[in-house]
Amino acid sequence: MADEQAIEVQEALEAPERGSAEELLDAGARAPIDAMRHSAAHVMAEAVLALFPEAKLGIGPAIENGFYYDFDLPRPLTPDDLAAIEARMRESVAAAHPFVRREVPFAEARALVAAAGQPYKVEILDDLAARATAAGDPPPATSFYEHGPFRDLCTGPHVATTAEIGPFRLLAVAGAYWRGDEKRPMLQRIYGTVWGTEEELEAFLWRREEAKKRDHRKLGVRLDLFSFHDVSPGAAFWHPKGWRLYTTLRDAMRELQARRGYDEIYTPPLVHQKLWEQSGHWDHYRDNMFLVEAEEQTFSLKPMNCPESSFIYRSRLRSYRDLPLRLAEYGVLHRNELSGVLSGLTRVRHFVTDDAHIFVRPDQIAAEIEGLMGEIRESYSWFGLTPTLTFGTRPDEALGDPAVWEETEAIMRAELERSGLEYRVKPKDGAFYAPKIDIQITDALGREWQTATIQVDRVMLPERFDLWYIDETGRQQRPVAIHRAIYGSLERFIGVLTEHFAGAFPLWCAPVQAVVIPIADRHLDPARELAAVLRGHGLRVEVDASGGRMQNKIRVAQEQKVPYMLVLGDREVTARTAAPRTRAGEQQPAEGWEALAERLATESAARRPE
RNA sequence: GCCGACAUAGCUCAGCGGUAGAGCAGCUGUUUCGUAAACAGCAGGUCCUCGGUUCAAAUCCGAGUGUCGGCUCCA
């Protein structure tokens with residue numbers, strides 16, 4: 001059942017560059033990097049005020065990699081403005097203004113910011129006062145930080161002088177609602193990055209460039225995997241190569257699921273309104289659903305599979321002996337995401353998840369989770385990824401008996417421990433109907449993505465859809481419904497993999513596993529024969545029949561990131577061999593066709609990440 | 001949805017009031033080549049859509065569509 005959080009494949013948090021230098025001190029300045037970044041925000045505000053005296057200041061915190069500051073300005077900023085602001089900032093840094101802290105009584109502080117014509121700052125203070133009053137406290141003491149001509153309401157801390165701000169760069173300007181509230185004014189947010197050393201700044205900018213190069217939206221076009229068209233925003237058109245990748249990933253998961261005792265089902269994508277009323281989506285999720293009218297009835301494209309799987313569960317009487325019942329479904333889902341948030345494959349309106357609903361008896365929860373951990377560990381090893389886990393516990397407004405929650409959470413926690421995988425706990429971060437384990441992966445550029453999720457639901461599906469089974473004493477019992485996905489959305493997973501591997505997919509899932517390269521046209525027929533031999537072993541092979549030179553064919557295959565290039569010239573044709581070259585540039589000794597086919601097929605079947 | 005930017009050949013981009021351009025890819029021909037680009041020629045466009053300004057619009061203005069950067073980080 002579940003609301004939007006059920007299988008939250010869409011909510012991946014892209015958190016660029018975690019860890020690294022964040023908490024490090026700059027050796028020279030001895031200032032924590034956050035103080036440096038926050039100080040840079042002040043310096044930027046100083047520069048903006050110098051250029052736009054009428055600017056109203058929002059907030060300007062340190063963030064991952066840098067800082068931002070929000071401004072209410074008379075006109076939109078241009079890239080030229082950014083350059084001008086950055087130039088003024090450098091002057092301020094060169095002037096080495098000391099940061100001076102001043103403690104100021106509340107009333108005086110309020111008068112100061114009001115006199116300065118800073119309504120957002122006044123609002124911040126009024127909020128603080130209101131909160132203090134609500135807690136029965138007197139208005140809080142406040143502090144200002146000053147440097148040179150600039151003064152800002154601020155708790156600090158800051159570096160000693162503006163000269164201690166490390167190498168920085170302004171990055172972008174973007175709209176941001178005041179306090180993240182779409183009903184409040186839209187401010188202009190300027191993002192910047194600051195680092196302790198020039199090398200770190202360069203490294204950051206390099207990673208940023210590299211991330212741009214690896215962007216799956218660009219690689220998807222270059223590798224001919226998929227395309228997007230305005231006739232269906234937020235939905236990929238899969239080209240033959242992309243679809244090969246897609247089906248290969250899906251079929252690998254199907255193979256694993258078959259081994260693990262899953263059954264696969266398929267339920268209709270178009271479902272009557274009344275189901276959504278029963279599930280609760282009609283009240284809570286309608287805005288995100290695509291509605292379709294037919295004969296004065298309202299249907300919706302399903303945003304998730306859960307409710308319909310309950311029909312299959314209830315299609316016959318279930319015995320305790322039938323459980324666990326593992327129903328996997330590659331259902332086609334549609335969610336009407338706001339047009340502004342769509343982004344390549346990672347934020348789409350149409351997608352498919354490797355979804356499953358597992359119905360178990362309460363005494364089977366632990367064993368099932370243990371099994372799921374194994375599934376996750378195995379499938380992520382295909383890509384050389386090590387998942388990290390996040391355990392979300394009971395939120396404040398949760399459905400169901402707190403005692404049952406506690407019991408479930410205890411079981412899950414024990415299994416997390418046993419799994420040996422790294423995990424963190426986010427208290428109260430569970431779905432409102434189920435504690436959950438979210439799975440994150442960190443890609444080759446250190447970016448973290450959320451993919452899979454496991455939710456142990458003892459309320460929503462079981463109760464709301466009135467599911468039960470007959471126990472050994474003949475009584476009706478509620479099953480537990482475990483919602484789980486491992487890849488999450490295939491679309492998104494492919495987007496993440498594309499960026500992780502920079503398009504150089506492991507052999508086992510590469511859309512084209514080998515290209516046969518005839519040196520001259522007289523080698524074309526043998527090349528086709530070789531390709532047939534390889535295809536006979538289930539390999540995905542192409543022949544480069546273009547009129548180009550061998551060097552050019554290698555270059556093309558190299559750019560297409562094909563794992564193996566099999567060169568065929570006079571020597572090889574005579575000997576019925578081929579000379580393999582890997583995309584890493586390694587030249588391997590010529591090998592007989594059959595032996596080569598067997599070797600590559602074995603390598604492929606092993607599903608190794610390379 | 002909201003703020004800003006962008007939309008020119010299959011791809012990457014130039015042109016920014018006066019006859020639509022390049023590189024790559026494609027096609028044709030020549031070359032038949034030994035591990036990351038042979039040579040030559042040809043073809044390729046409602047300059048996103050609709051409306052407006054102008055003698056004249058890819059270019060300026062407005063609306064629409066799509067794409068991109070953001071809209072969580074609370075002095």
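In what follows, every chain begins at residue 1, and chains take the letters A, B, ... in the order their sequences are listed.
Across all strands, Ile59(A) comes closer than 4.0 Å only to sugar-phosphate atoms, never to a base (heavy-atom distances). At the heavy-atom level, Gln587(A) lies under 4.0 Å from base atoms of the strands shown. Nucleic acid contact for Gly585(A): none, since no nucleic acid atom lies under 4.0 Å from a heavy atom of the residue. Asp570(A) comes within 4.0 angstrom of a nucleotide base, judged by non-hydrogen atoms across all strands. Gly66(A) comes within 4.0 angstrom of nothing in the nucleic acid, heavy atoms only. The residue Lys121(A) sits close only to the backbone: its heavy atoms come under 4.0 Å of sugar-phosphate atoms, none of a base. Using a 4.0 Å heavy-atom cutoff across all strands shown, Gln588(A) reaches no nucleic acid atom at all. Across all strands shown, Ala579(A) has heavy atoms under 4.0 Å from base atoms, whether or not it also approaches the sugar-phosphate. Using a 4.0 Å heavy-atom criterion, one finds that Gly340(A) contacts the bases of the nucleic acid, with or without backbone contacts as well. When heavy atoms are screened at a 4.0 angstrom cut-off, Leu128(A) is found touching base atoms of the nucleic acid.
Closest-nucleotide positions on RNA chain B for Asp521(A) and Leu338(A) were compared, and the one nearer the 5' end corresponds to Leu338(A). Residues Arg555(A) and Lys218(A) both approach RNA chain B. Their nearest nucleotides, taken by heavy-atom distance, put Lys218(A) toward the 5′ side.
Proximity note for Val341(A) (side chain, C-beta onward) versus rC71(B), rG70(B), rG34(B): the nearest is rC71(B). Side-chain proximity of Ile63(A) to the nucleotides rU35(B), rU67(B), rC73(B) is greatest for rC73(B).
Residue Tyr191(A) places at least one side-chain N or O under 4.0 Å from the OP1 or OP2 atom of rC71(B). Side-chain N/O atoms of Arg581(A) include one lying less than 4.0 angstrom from OP1 or OP2 on rA36(B). Regarding contacts with the backbone of rG69(B), a side-chain N or O of Arg217(A) is found under 4.0 angstrom from either OP1 or OP2. The phosphate of rU32(B) (OP1 or OP2) has no side-chain N or O of Arg522(A) nearer than 4.0 angstrom. Of the side-chain N and O atoms in Arg222(A), none sit less than 4.0 angstrom from OP1 or OP2 of rA25(B).
For rG70(B), the base has no donor-acceptor partner in the side chain of Tyr68(A) [N/O atoms by modelled type, under 3.5 angstrom]. No donor-acceptor contact under 3.5 Å links the side chain of Glu337(A) to the base of rG1(B). With hydrogens and angles left out, the side chain of Asp230(A) and the base of rU65(B) share no donor-acceptor pair within 3.5 Å.
When the P atom is compared between rC60(B) and rU8(B), the two are found 15 Å apart, to the nearest whole Å. A distance of about 48 Å separates the C1' atoms of rU30(B) and rA5(B), rounded to the whole Å.
Taking atom NZ on Lys426(A) and atom C1' on rU72(B), their separation rounds to 10 Å, with Å as the unit.
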Using the salt bridge (Lys or Arg N to Asp or Glu O under 4.0 Å) rule, take Arg179(A) and Asp127(A) through it: C-alpha gap first, then chi angles, then the decisive distance, then the call. CA-CA 12 Å; Arg179(A) 302 203 144 172; Asp127(A) 270 17; 2.3 Å; yes
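Looking at residues two or more places apart in sequence or on another chain, you find no ring-ring contact (aromatic ring centres under 6.0 Å, His included) involving Phe144(A).
Arg37(A) forms a cation-pi arrangement with Trp195(A), by the criterion of a distance under 6.0 Å to the ring centre and an angle within 45° of the ring axis.
Judged by Watson-Crick or G-U wobble contacts below 3.5 Å, the nucleotide rA7(B) has rU65(B) as its partner.
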